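The block underneath contains the structure these notes are about, expressed in structure tokens.
Read the numbers this way: they start at 1 and go in the same order the structure lists the ligands and their atoms. Along the sequence shown, residues are numbered consecutively beginning with 1. Bear in mind the structure is a predicted one, so any value in this text is a computation, not a measurement.
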Amino acid sequence: MLIHSRDKGFIHPHSSEITPRSVYEGRRDMLKLLASGVAGAAMASWAARDALAQAAAPGKLPALKGAKSAVPGAQTMEKLTDYKDATSYNNFYEFGTDKADPARNAGTLKTRPWTVEVEGLVKKPGKYDIEDLIKLSAQEERIYRLRCVEGWSMVIPWVGYSLAELIKRVEPQGNAKYVEFVTLADPKTMPFVGSRVLDWPYTEGLRMDEAMHPLTLLTFGMYGEVLPNQNGAPVRVVVPWKYGFKSGKSIVKIRFVEKEPGTAWNKAAAQEYGFYSNVNPNVDHPRWSQATERRIGDGGGLFAKRHKTQMFNGYEPQVGQLYAGMDLKKFY
Ligand SMILES: Nc1nc2c(c(=O)[nH]1)N[C@H]1C(S)=C(S)[C@@H](COP(=O)(O)O)O[C@H]1N2
Ligand SMILES: [Mo]
């Protein structure tokens with residue numbers, strides 16, 4: 001739903017906290033918790049946690065396994081979000097603005113053949129076939145929180161490798177200061193491309209040091225399988241310390257540029273979404289607080305326990321240094 005405003009034309013359709021979902025989810029999860037008897041119990045080991053059947057992928061997609069990541073901070077011991085929840089409650093506006101739309105509509109996305117073009121200020125530009133891009137470096141499994149600006153979060157075992165691996169290979173020139181991600185905008189297979197919700201294609205960007213940070217993941221899979229279409233197949237980025245919209249899905253171009261690139265949500269509503277978009281409980285969205293979040297699948301419905309949002313989504317020890325001396329209220 002677009003909310004019209006006098007000066008800006010419209011305010012973006014992201015809304016804070018969707019209640020109907022939490023109502024049905026609450027009922028379902030309550031039953032699940034009662035049945036399992038382990039509400040709140042911590043999983044003793046990786047093995048026990050991995051065996052948590054409800055979080056496992058159903059095995060319908062090709063397997064894509066990764067070794068446990070050796071990158072510090074790339075794991076969390078929190079309970080994984082159910083695969084079913086992570087693949088049925090999505091933001092992928094090319095397929096509709098409702099959380100259920102991507103799962104319903106993204107079946108039309110054609111993920112093979114797929115090429116990713118690396119261009120701009122690099123010594124070795126080129127076109128990568130997706131199969132070659134997947135094989136460029138060893139796959140790692142990393143359990144990262146995905147925190148949406150709308151106030152919910154999930155804990156997902158992603159599979160991919162540090163974007164830095166690709167960046168090093170293409171050898172950025174000295175004047176390359178930012179990396180821009182351009183995603184697919186195909187009106188034939190994406191029903192909402194052509195709608196005026198966003199300025200298509202959906203683009204995103206990172207500063208070079210953010211893009212080079214080992215936690216920034218070029219992502220091809222989750223839960224040990226290739227990405228489902230609704231989660232951004234065949235390749236997306238995941239930047240765990242930033243709000244979810246910084247992680248563009250279904251990427252077709254990675255471009256190295258000198259100036260800060262425009263980004264989809266910043267273009268749609270600059271007063272609400274800045275370039276940096278670091279998860280920050282102390283900087284509210286103009287229309288809602290960012291101090292807490294609701295973990296999808298936690299249950300409780302209307303009475304869902306809200307988690308305190310952590311600075312940089314909990315990755316402050318790893319990434320805080322990137323922003324030393326910056327006024328994060330100004331560079332939101
Ligand atoms: N191309 C594209 N990428 C996108 C979006 C989108 O609408 N289009 N939505 C973003 C938002 S707002 C979030 S929160 C995450 C959601 O990822 P998930 O559906 O895998 O949880 O994807 C991000 N990447
Ligand atoms: Mo989001």
Original post:
Out of Q230, R236, K246, E150, who gets a non-hydrogen atom closest to atom 17 (O) of ligand 1?
Top reply: R236
Original post:
Closest heavy-atom contact between K249 and G232?
Top reply: CB-CA, 3.4 Å
**OP:** Give me the one residue out of T216, N278, N280 that meets side-chain hydrogen bond (donor to acceptor under 3.5 Å, both in side chains) with W241.
**Re:** N278
Subject >> Top protein contact for atom 18 (P) of ligand 1, by heavy-atom distance >> reply: K249 NZ, 3.4 Å
Original post:
Ring centres of W152 and Y89 under 6.0 Å apart?
Top reply: yes
Subject >> Heavy-atom closest contact (N231 atom, T87 atom, distance) >> reply: OD1-CG2, 3.5 Å
Subject >> Minimum-distance protein heavy atom relative to atom 15 (C) of ligand 1 >> reply: G244 O, 3.6 Å
Original post:
Can you list the atoms of ligand 1 that are under 4.0 Å from a heavy atom of N231?
Top reply: 18 (P), 20 (O)
**OP:** Could you tell me whether S247 and ligand 1 have an N or O pair separated by under 3.5 Å?
**Re:** yes
Original post:
Using heavy atoms and a threshold below 4.0 Å, how should the contact between F245 and ligand 1 be classified: side chain, backbone, both, or neither?
Top reply: both
Original post:
When the aromatic ring centroids of Y323 and F312 are compared, is their separation below 6.0 Å?
Top reply: yes
Original post:
Under 4.0 angstrom from ligand 1, any heavy atom of S250?
Top reply: no
Subject >> Salt bridge R295-E78, side-chain N to carboxylate O under 4.0 Å >> reply: yes
Original post:
Hey, are D209 and R207 close enough for a salt bridge, meaning a charged N less than 4.0 Å from a carboxylate O?
Top reply: yes
Original post:
Which pair of non-hydrogen atoms, one from I130 and one from F220, has the smallest distance, and what is that distance?
Top reply: CD1-CE2, 4.0 Å
Subject >> Numbered atoms and elements of ligand 1 in range of C148, under 4.0 angstrom, heavy atoms >> reply: 14 (S)
Original post:
Quick check, are the ring centers of Y202 and Y93 under 6.0 angstrom apart?
Top reply: no
Subject >> Short N or O distance, W152 and ligand 1, threshold 3.5 Å exclusive >> reply: no
Original post:
Less than 3.5 Å between some nitrogen or oxygen of Y89 and one of ligand 1, yes or no?
Top reply: no
Subject >> Gap separating the OG atom of S289 from the CZ atom of R306, nearest 0.5 angstrom >> reply: 8.0 Å
Original post:
For ligand 1, which part of N91 has a heavy atom less than 4.0 Å away: the side chain, the backbone, both, or neither?
Top reply: both
Subject >> Region of E204 engaging ligand 1 - heavy atom pairs below 4.0 Å >> reply: neither
Original post:
What's the shortest distance from atom 7 (O) of ligand 1 to any protein heavy atom, and which residue and atom give it?
Top reply: Y93 N, 2.8 Å
**OP:** Provide, to 0.1 Å, the distance between atom 6 (C) of ligand 1 and the closest protein heavy atom, together with that atom's residue and name.
**Re:** Y202 CE1, 3.4 Å
Original post:
Quick one: does G232 get a heavy atom under 4.0 Å from ligand 1?
Top reply: no
**OP:** Give the ring-plane orientation class for F92 versus F95, where under 30° counts as parallel, over 60° as perpendicular and anything between as tilted.
**Re:** perpendicular
Original post:
Any idea which protein heavy atom is nearest atom 8 (N) of ligand 1, and the distance to it?
Top reply: E94 OE1, 2.8 Å
Subject >> Part of L146 within contact of ligand 1 (heavy atoms, under 4.0 Å) >> reply: side chain
